[in-house]
Amino acid sequence: MLNKDTQLCISLSARPSNIGTRFHNYLYQKLDLDFIYKAFSTTDIEAAIKGVRALGIRGCSVSMPFKESCIPFIDKLTDSAKAIDSVNTIVNDNGFLTAYNTDFLAIRQLITEHLTDPQQTVVVQGAGGMAKAVVAAFHDAGFQQLTVIARNTQTGQALAEKYGYAYQSPEQCPTADIIVNVTPIGMSGGAESDTLAFAQPLIDAATTVFDVVAFPAQTPLIKKAHALGKAVISGDRVIALQALEQFALYTGERPSDALMQEASLFSRQQ
């Protein structure tokens, strides 16, 4: 039962979903923790972060488009957030806000599990906060042939150059063994929710298709890749792994793999 000591954790995103809310609250209940989790949207990130501090909100998950714009209002950036200038997790310790990036940890784990040949070529579409985590994780895993594709030339070039990679405009996107969508294309409720994130020839040429969009997990890109018999990595895996790290930071508890899988399955129910 909720009481005055119940600790609140929240998420901030442009288009909130039930995935994180279901994931965290399922684990709170299973582990008998006095926490509750709620998703929010905002048009004023400064006021929202100040509210996290002022109201004693224990933890805050940060999603697009606030991963970078929240940084000026944080007290401390850990190495994971500082390295890519992007935040996805804020922990509040008695009014002191510390920022992390658990997206990087999740992506790095998925690369280790599924993409074992660093000689393969990679195309990453996107240049925002999550794209920074993705590109940094591929670099950390030893992939040398990666191209960043972005509509914003300035941010796309900056991201590519930081890691010694190439940049191309979307119109010049090359084929690659691994294609990764790190844009909102295919996201439920978005203007391009029914759009393929990559052109058909690029999907045909790829051996692995990776879409970080988590809602829905079966984006048009993932559905097409499945139909073509491609290896796929979907965004629901990313969000579950990064949420597990967030959960541990907020609560000090680390659920078993089996319980994490239960929570992940529950979180994707409609």
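Just so we're clear, the structure is a prediction, and the values are computed from it rather than from any experiment. Sequential numbering from 1 along the given sequence is applied to the chain's residues.
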Report, as yes or no, whether the 6.0 Å neighbourhood of atom NZ on K224 holds more than 12 heavy atoms from other residues, nucleotides or ligands. no

With distance as the sole criterion, is a donor-acceptor pair present between the side chains of Q242 and T102 under 3.5 Å? yes

In terms of hydrophobic clusters joined by side-chain contacts under 4.5 Å, are Y37 and V52 together? no

Flag, side chain of D75 to backbone of T98, donor-acceptor distance under 3.5 Å: no

Do E253 and L27 have side-chain heavy atoms sitting under 4.5 Å apart? no

Can you tell me if T183 and N181 form a side-chain donor-acceptor pair at under 3.5 Å? yes

Please check if the number of heavy atoms outside D32 that lie under 6.0 Å from its CG is greater than 12. no

Within the distance-only criterion (no hydrogens, no angle test), does the side chain of Y167 pair as donor or acceptor with the backbone N or O of A150 below 3.5 angstrom? yes

Quick check on D257: does its CG atom have over 12 non-hydrogen neighbours (other residues, nucleotides or ligands) under 6.0 Å away? no

Are L55 and V91 grouped together when hydrophobic residues (ILVMFWY) are joined by side-chain heavy atoms under 4.5 angstrom apart? no

ILVMFWY cluster, M64 and F66 together (side-chain gap under 4.5 Å): no

Check for a donor-acceptor pair, side chain of Q145 on one end and backbone N or O of Q119 on the other, with a separation under 3.5 Å. yes

With side-chain contact (heavy atoms from CB on, under 4.5 Å) as the test, would you mind laying out the steps for Y163 and V148 before giving the verdict? CA-CA 10 Å; Y163 296 98; V148 174; over 6 Å; no

Is the CD atom of E192 crowded by more than 12 outside heavy atoms at less than 6.0 Å? yes

For Q200, does the CD atom have more than 12 heavy-atom neighbours from other residues, nucleotides or ligands under 6.0 Å away? yes

Do Q246 and T89 pass the side-chain hydrogen bond (donor to acceptor under 3.5 Å, both in side chains) test, and can you show the C-alpha distance, the side-chain angles, and the key distance before you say yes or no? CA-CA 7 Å; Q246 289 179 330; T89 304; 2.8 Å; yes

Please enumerate all residues that pass side chain to side chain contact (heavy atoms under 4.5 Å, CB included) together with T219, with sequence neighbours excluded. D211, V213, L221, I222

Is there a path from L2 to Y250 through hydrophobic residues (I, L, V, M, F, W, Y) whose side chains come within less than 4.5 Å of each other? no

Any side-chain to backbone donor/acceptor pair from S80 onto N101? Under 3.5 Å, distance only. yes

Please lay out, stage by stage, how Q218 and H226 fare under the test side-chain contact (heavy atoms from CB on, under 4.5 Å). CA-CA 9 Å; Q218 294 297 310; H226 273 305; 3.5 Å; yes

Within 6.0 Å of CG in N94, more than 12 heavy atoms from elsewhere: no

Output, in order, the C-alpha distance, side-chain angles, deciding distance and verdict of side-chain contact (heavy atoms from CB on, under 4.5 Å) for V232 and S234. CA-CA 6 Å; V232 302; S234 54; 5.7 Å; no

Neighbour count above 12 (heavy atom, 6.0 Å) for R15 CZ: yes

Look at atom NZ of K162 and say whether more than 12 heavy atoms of other residues, nucleotides or ligands are closer to it than 6.0 Å. yes

Linking I/L/V/M/F/W/Y whenever any side-chain heavy atoms sit under 4.5 Å apart, do L265 and L259 land together? no

Rounding to 0.5 Å, atoms OG (S63) and CD1 (I19) come to a distance of 10.0 Å

